[in-house]
Undergrad: 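Next up is a structure, given as structure tokens.
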Amino acid sequence: MRFSRLGLTTLKEVPAEAEIVSHQLMLRAGMIRRLASGLFTWLPLGLRVLRKVETIVREEMDRAGALELLMPAVQPAELWQESGRWDQYGSLLLRMHDRHERPFCFGPTHEEVVTDIARRELKSYRQLPVNFYQIQTKFRDEIRPRFGVMRAREFLMKDAYSFDLDHDGLVASYERMHAAYTAIFERLGLGFRVVDADSGEIGGSRSQEFHVLADSGEDAIAWSDEDDYASNIETAVTLRPDGEPPAPAEELRRVDTPGARSIEELCAALDIAPRQALKTLIVRGTEGPVALVLRGDHELNAIKAAKLPGVADPLELAEADDARGAGAEPGFAGPRGLDCPVYYDHATALMSDFVCGANEPGVHLAGVNFGRDLERPETVDLRNVVAGDPVPGGKGTLSIARGIEVGHIFQLGTKYSEALGATVQDSDGNDVPMHMGCYGIGISRIVGAAIEQGHDENGIIWPAPLAPFDVVIVPINMHRSEAVREAAEALYDELSAAGHEVLLDDRDARPGVKFADAELIGVPHRLVVSDRGLAAGELEYRHRRDAEARMLKREAALDILARG
RNA sequence: CGGGGCAUGGCGCAGCCUGGUAGCGCAUCUGCUUUGGGAGCAGAGGGUCGGCGGUUCGAAUCCGUCUGCCCCGACCA
């Protein structure tokens, strides 16, 4: 490809709409352009990268024995009514009507459609296992699209669905996908981690997420430094600590704390550390409010809390009046004297001489102790893990990093096959619902994630398998030197013929402009052709990751490229 | 949806407070010079100042309203 034919305009300045590096660089490099919130055009340069990801995913899915098909993006409402999700899915689902006023939606996912195919096509256990997949545009009407292609409303996704006769078969299919995903992310050259995850709305028993590690990631993931435990922080388990709290050293007393409604304000007012305070949250319950009590420096885990008996799911704070009805004063709530169920987090078990709300405006209690001022509580897992927490398996401690969720695999079980009547005959001639798994990869999100992981102040640094071109030829003064032109053209032809994806910067521009664009776009190998080098039979070579360029004999430079 | 902000050529911004000729840098086009890290000079094109309504002799500027976009929260590949 000749640069002059690429139709590309790069930007020196960062468009104001872009918050994170990957979005900024994709705009600056001319990979994408925004059409509306969460909707993007992939320009030729960006599309080349998207296709690379797509190709690798397709090859590995095929290798794992999955069968590619292509389902409609637009789906009839009746299928969603059959599964019960037409009403459940909410406004994430883009709904529409055809000319006959029949309701449809733009598919956010394809469990319903694929299960419909399966119930029509799969009749016998002898046809199983089957894994159908597609690479297709999805639409989810996200409440807040952001970060460019990372959380777009329209995006490219690989979604796969496995069908097995029984649970054991499902587990085997699931393991095959786990292995295929691992192979995919390794081939893509991305640093990633697999973690246990909440199965969420989709339902089912087991689920794991594949995260590309990056500081800008929206998820926090925790893993063990000694065994293979790894989990999204949403589901990472905290343990009940061993031992007893220290004996009380202080008397229970009231302290005036006007205006100290948060832990931060309380600690500032009393000059204590957050871990010496108790945080009491009053949330909605199925029968009146429920109190959740945590150590002041810990964060409530809403997913864990919503699963506790008597707590409303999804988790919501109680109205102030409801809280007062249970004896709690919002902003100054504490467990003492409450008239509602109270859940204590494990970590509170070892606290002594702590501070908590007195359930009166402007007043807290200090020197509070369990066993004396409060009943010694049963504790539950309520909080997010923090770095240094013990690993649930018992060995080592947890580390925490941020990740971008690029893949998610689920064991669905029979939820959809039962709802839609997707059964096969087993060897005894009985109709049994198939056991399903589903497996997603965010193709377009991976492009953004790769940039989050690979960039510097000059632009993108692609992993080799994703680069839009693998080598860029920068001729110096090509438009004045016939020798340079001929050498550059010859090199271009030779490398192209050898199977390289070559970008020839044939623009009549100054070298600095070409260097800057080559680095912005992130082409891994750069060859500079100049009169100076030609006289010595040399080319200048520099890898995108190298600090300095070096002069090499032509053959030596070509040798580097040949080795990839 | 709740809270906050912004909207002026393709991109980044100024002008608005205190109403009166729409401006700067980058990008684009032409010419000349230049040519190893985002060149210089000269010239050119491109904006109904987000839409609608109001106030006024006169609105980018003041008022109202709608829309779009961005940020913080819940959601997700």
Undergrad: Which one is paired to B:rC17, where only Watson-Crick or G-U wobble pairs with both distances under 3.5 angstrom count?
TA: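 In the structure as shown, B:rC17 has no Watson-Crick or wobble partner.
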Undergrad: Would you say A:Arg151 places a side-chain N or O within less than 4.0 Å of OP1 or OP2 belonging to B:rC76?
TA: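 For B:rC76, OP1/OP2 do not have a side-chain N/O of A:Arg151 under 4.0 Å.
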Undergrad: Between A:Met551 and A:Thr9, which has a closest nucleotide on RNA chain B that is more 5'?
TA: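 Its nearest nucleotide being more 5', the pick is A:Thr9.
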Undergrad: How is A:Glu209 classified with respect to the nucleic acid when contacts are heavy atoms under 4.0 Å: base, sugar-phosphate, or nothing?
TA: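 Counting heavy atoms under 4.0 Å across all strands, no contact is made by A:Glu209.
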Undergrad: Separation of A:Asp508 atom CG from B:rG38 atom C1', in whole Å?
TA: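 Rounded to whole Å, this separation is 15 Å.
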Undergrad: Is A:Arg261 salt-bridged to A:Glu265, cutoff N-O under 4.0 Å?
TA: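 A salt bridge is absent here (no side-chain N lies under 4.0 Å from a carboxylate O).
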Undergrad: Between B:rU35, B:rG36, B:rC75, spot the one nearest the side chain of A:Ser530, thanks.
TA: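 So the side chain of A:Ser530 is nearest to B:rG36.
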Undergrad: If only side-chain N and O atoms of A:Arg510 are considered, is one of them under 4.0 Å from the OP1 or OP2 phosphate oxygen of B:rA39?
TA: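 Affirmative; the distance criterion is met.
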Undergrad: What class does the angle between the rings of A:Tyr181 and A:Phe185 fall in, given that below 30° is parallel, 30 to 60° is tilted and above 60° is perpendicular?
TA: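 Perpendicular.
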Undergrad: Could you tell me how far B:rU65 sits from B:rC11 if I compare only their P atoms? Round to whole Å.
TA: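 Result for the P pair: 29 Å, nearest Å.
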Undergrad: Applying the Watson-Crick and G-U wobble criteria at under 3.5 Å, what pairs with B:rU65? Answer none if nothing qualifies.
TA: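 Here B:rU65 is engaged in a pair, and the nucleotide opposite it is B:rG51.
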Undergrad: At under 4.0 Å between heavy atoms, what does A:Ala152 touch on the DNA or RNA strands: base, sugar-phosphate, or nothing?
TA: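 A:Ala152: base contact, heavy atoms under 4.0 Å.
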Undergrad: If only side-chain N and O atoms of A:Arg153 are considered, is one of them under 4.0 Å from the OP1 or OP2 phosphate oxygen of B:rC75?
TA: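 Result: no.
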Undergrad: Near RNA chain B, under 4.0 Å by heavy atom, which residues of residues 532-545 of chain A?
TA: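 Those residues are A:Arg532, A:Glu540, A:Arg542.
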Undergrad: How many whole angstroms separate atom NZ of A:Lys138 from atom P of B:rA77?
TA: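 That distance rounds to 11 Å.
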Undergrad: Do we count A:Phe515 as stacking onto B:rG38 if the rule is ring centres under 5.5 Å and planes under 30°?
TA: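 Per 5.5 Å and 30° rule: no stacking.
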Undergrad: Describe the nucleic acid contact of A:Ile143 in one word from base, sugar-phosphate, nothing, applying a heavy-atom distance below 4.0 Å.
TA: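 Result for A:Ile143 = base.
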Undergrad: If B:rG2 has a Watson-Crick or G-U wobble mate with both distances under 3.5 Å, name it; if not, just say none.
TA: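 Paired with B:rG2, as far as the under-3.5 Å criterion goes, is B:rC72.
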Undergrad: Given the C1' atoms of B:rG50 and B:rC70, what is the spacing between them in whole Å?
TA: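 The answer is 15 Å between these two C1' atoms.
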Undergrad: Assign A:Asp517 to base, sugar-phosphate, or nothing according to its heavy-atom contacts below 4.0 angstrom with the strands shown.
TA: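 Contact class for A:Asp517: base.
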Undergrad: I want to confirm an ordering. Mapping A:Gly38 and A:Glu519 to their closest nucleotides on RNA chain B, which one lands closer to the 5' end?
TA: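 So the residue in question is A:Glu519.
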Undergrad: Which part of the nucleic acid does A:Ala36 contact within heavy-atom distance under 4.0 Å: base, sugar-phosphate only, or nothing?
TA: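 Sugar-phosphate: the residue A:Ala36, judged by heavy atoms under 4.0 Å, touches backbone atoms but no base.
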Undergrad: Would you measure the distance from the C1' atom in B:rA59 across to the matching atom in B:rU8 and give it in whole Å?
TA: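 It comes out at 14 Å once rounded to the nearest Å.
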Undergrad: Considering only side-chain heavy atoms of A:Pro511, which listed nucleotide, B:rG73, B:rA77, B:rG36, is closest?
TA: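 The closest nucleotide is B:rG36.
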Undergrad: Hunt down the Watson-Crick or G-U wobble partner of B:rU34, both distances under 3.5 Å, from any strand shown, or write none.
TA: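 Looking at the geometry, B:rU34 pairs with no nucleotide.
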Undergrad: Under 4.0 Å, heavy atoms only, any strand: does A:Gln136 hit a base, just the sugar-phosphate, or nothing?
TA: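 The residue A:Gln136 makes no contact with any strand.
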Undergrad: Among the candidates B:rC76, B:rG36, B:rC71, find the nucleotide nearest to the side-chain atoms of A:Arg146.
TA: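 Within the option list, the nearest is B:rC71.
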Undergrad: Take atom NE2 of A:His479 and atom C1' of B:rC32, then tell me their distance rounded to the nearest Å.
TA: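 The answer, rounded to whole Å, is 18 Å.
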Undergrad: In whole angstrom, give the distance that lies between atom CZ of A:Phe210 and atom C1' of B:rC76.
TA: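 In whole Å, B:rC76 C1' and A:Phe210 CZ are 17 Å from each other.
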Undergrad: So, for A:Val21 and A:Glu452, which heavy atoms are closest and what is the spacing to 0.1 Å?
TA: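 The answer is CG2-OE1, 3.5 Å.
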Undergrad: Could you check whether A:Arg544 pairs with A:Asp456 (Lys NZ or Arg NE/NH1/NH2 to Asp/Glu carboxylate O, under 4.0 Å)?
TA: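 A salt bridge is present here (some side-chain N lies under 4.0 Å from a carboxylate O).
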Undergrad: Out of A:Glu299, A:His298, A:Lys304, which one pairs with A:Asn384 under the side-chain hydrogen bond (donor to acceptor under 3.5 Å, both in side chains) rule?
TA: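 Exactly one pass, corresponding to A:Glu299.
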Undergrad: Paired with B:rG9: which nucleotide, if any, by Watson-Crick or G-U wobble criteria at under 3.5 Å for both distances?
TA: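 The base-pairing partner of B:rG9, which may sit in any strand shown, does not exist here.
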Undergrad: Which residue pairs pass the side chain to side chain donor-acceptor pair (under 3.5 Å) test with at least one member in residues 475-488 of chain A, sequence neighbours excluded?
TA: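 Qualifying pairs: A:Ser481-A:Asp531.
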Undergrad: A:Arg34 has a side chain; which of B:rC72, B:rC69, B:rU35 sits nearest to it?
TA: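 Shortest atom-to-atom distance from the side chain points to B:rC69.
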Undergrad: Go through the structure and list residues passing ring-ring contact (aromatic ring centres under 6.0 Å, His included) with A:Tyr541, not counting sequence neighbours.
TA: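 In terms of ring-ring contact (aromatic ring centres under 6.0 Å, His included), with neighbours along the sequence ignored, A:Tyr541 is linked to A:His525.
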Undergrad: So that I can tick it off, tell me whether A:Glu111 and A:Lys415 are bridged by a salt bridge, with the cut-off set at under 4.0 angstrom between side-chain N and carboxylate O.
TA: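 Salt bridge absent between A:Lys415 and A:Glu111.
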Undergrad: What's the shortest heavy-atom distance between A:Leu70 and A:Ile135, and which atoms?
TA: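 Looking at all heavy atoms of both residues, the shortest contact is CD1-O, 4.1 Å.
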Undergrad: Taking any heavy-atom pair under 4.0 Å as a contact, classify A:Val406: base, sugar-phosphate, or nothing.
TA: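 Here A:Val406 touches the backbone only, sparing every base.
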Undergrad: Please determine, for the side chain of A:Phe147, which listed nucleotide (B:rC26, B:rC71, B:rA77) has the closest atom?
TA: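 Among the listed nucleotides, the one closest to the side chain of A:Phe147 is B:rC71.
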Undergrad: B:rC70, B:rG38, B:rA39: which one has an atom nearest the side-chain heavy atoms of A:Ser37?
TA: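 For the A:Ser37 side chain, the nearest candidate turns out to be B:rC70.
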Undergrad: Rounding to the closest angstrom, what is the interatomic distance between B:rG68 and B:rA60 at atom P?
TA: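 24 Å, rounded to whole Å.
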Undergrad: I'd like the C1' distance from B:rG5 over to B:rG46, given in whole Å.
TA: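 Taking atom C1' in both B:rG46 and B:rG5, they lie 29 Å apart.
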Undergrad: For A:Ser417 and A:His435, which I'm curious about, is there any donor-acceptor pair between the side chains at under 3.5 Å?
TA: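 The criterion, which ignores hydrogens and geometry beyond distance, is not satisfied for A:His435 and A:Ser417.
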Undergrad: If I pick the C1' atom on B:rG36 and the same atom on B:rA22, what distance separates them, to the nearest angstrom?
TA: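 To the nearest whole Å, 41 Å.
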Undergrad: Any base atoms under 4.0 Å from A:Arg526, or only sugar-phosphate, or nothing? Heavy atoms, all strands.
TA: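 Base contact.
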Undergrad: Is atom CG of A:Asp215 surrounded by more than 12 heavy atoms (other residues, nucleotides or ligands) closer than 6.0 Å?
TA: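 12 or below, so no.
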Undergrad: Answer with yes or no whether the side chains of A:Tyr439 and A:Arg176 bring together a donor and an acceptor at under 3.5 Å.
TA: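 On atom types as modelled, these side chains do not qualify, holding no pair under 3.5 Å.
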Undergrad: Under a 4.0 Å heavy-atom cut-off, which of residues 52-66 of chain A touch RNA chain B?
TA: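 Those residues whose heavy atoms fall under 4.0 Å from RNA chain B, taken from residues 52-66 of chain A, amount to none.
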Undergrad: On a whole-Å scale, what distance lies between the P atoms belonging to B:rC32 and B:rG38?
TA: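 B:rC32 and B:rG38 have their P atoms separated by 24 Å.
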Undergrad: Would you call A:Asp321 and A:Arg324 a salt bridge, taking side-chain N to carboxylate O under 4.0 Å as the test?
TA: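 Looking at A:Asp321 and A:Arg324, the cut-off is met.
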Undergrad: Counting only Watson-Crick or G-U wobble pairs whose two distances fall under 3.5 Å, which nucleotide matches B:rG43?
TA: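 With both distances under 3.5 Å, B:rG43 matches B:rC29.
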Undergrad: If pairing requires Watson-Crick or G-U wobble contacts with both distances under 3.5 Å, which nucleotide is the partner of B:rG58?
TA: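 Because no pair has both required distances under 3.5 Å, B:rG58 counts as unpaired.
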Undergrad: Between B:rC29 and B:rG15, how far apart are the two P atoms, rounded to whole Å?
TA: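 Between the two P atoms, the distance is 31 Å.
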Undergrad: Taking the cut-offs as 6.0 angstrom to the six-membered ring centre and 45 degrees off its axis, would you call A:Arg445 and A:Phe155 a cation-pi pair?
TA: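 Ring-cation test returns no.
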Undergrad: Within the 4.0 Å limit for protein heavy atoms, which parts of nucleotides 5-16 of chain B are touched? Write it as a string from 5' to 3', B for base, S for sugar-phosphate only, - for none.
TA: ------BSS---
Undergrad: Between A:Trp86 and A:Arg95, is there a cation-pi geometry (under 6.0 Å to ring centre, at most 45° from the normal)?
TA: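 Here A:Arg95 passes the 6.0 Å and 45° test against A:Trp86.
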Undergrad: Between the side chains of A:Lys279 and A:Asp297, is the shortest nitrogen-to-carboxylate-oxygen separation below 4.0 Å, so that they form an ion pair?
TA: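 Salt bridge flag = no for A:Lys279 with A:Asp297.
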Undergrad: Between A:Arg526 and A:Glu540, does any NZ, NE, NH1 or NH2 come within less than 4.0 Å of an OD or OE carboxylate oxygen?
TA: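 Judged by the 4.0 Å cut-off on N to carboxylate O distance, A:Glu540 and A:Arg526 do form a salt bridge.
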Undergrad: At a heavy-atom distance below 4.0 Å, what parts of residues 441-460 of chain A sit against RNA chain B?
TA: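 Output list: A:Gly442, A:Arg445.
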Undergrad: Between A:Glu19 and A:Arg146, is there a side-chain N and carboxylate O pair less than 4.0 Å apart?
TA: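 Salt bridge: no.
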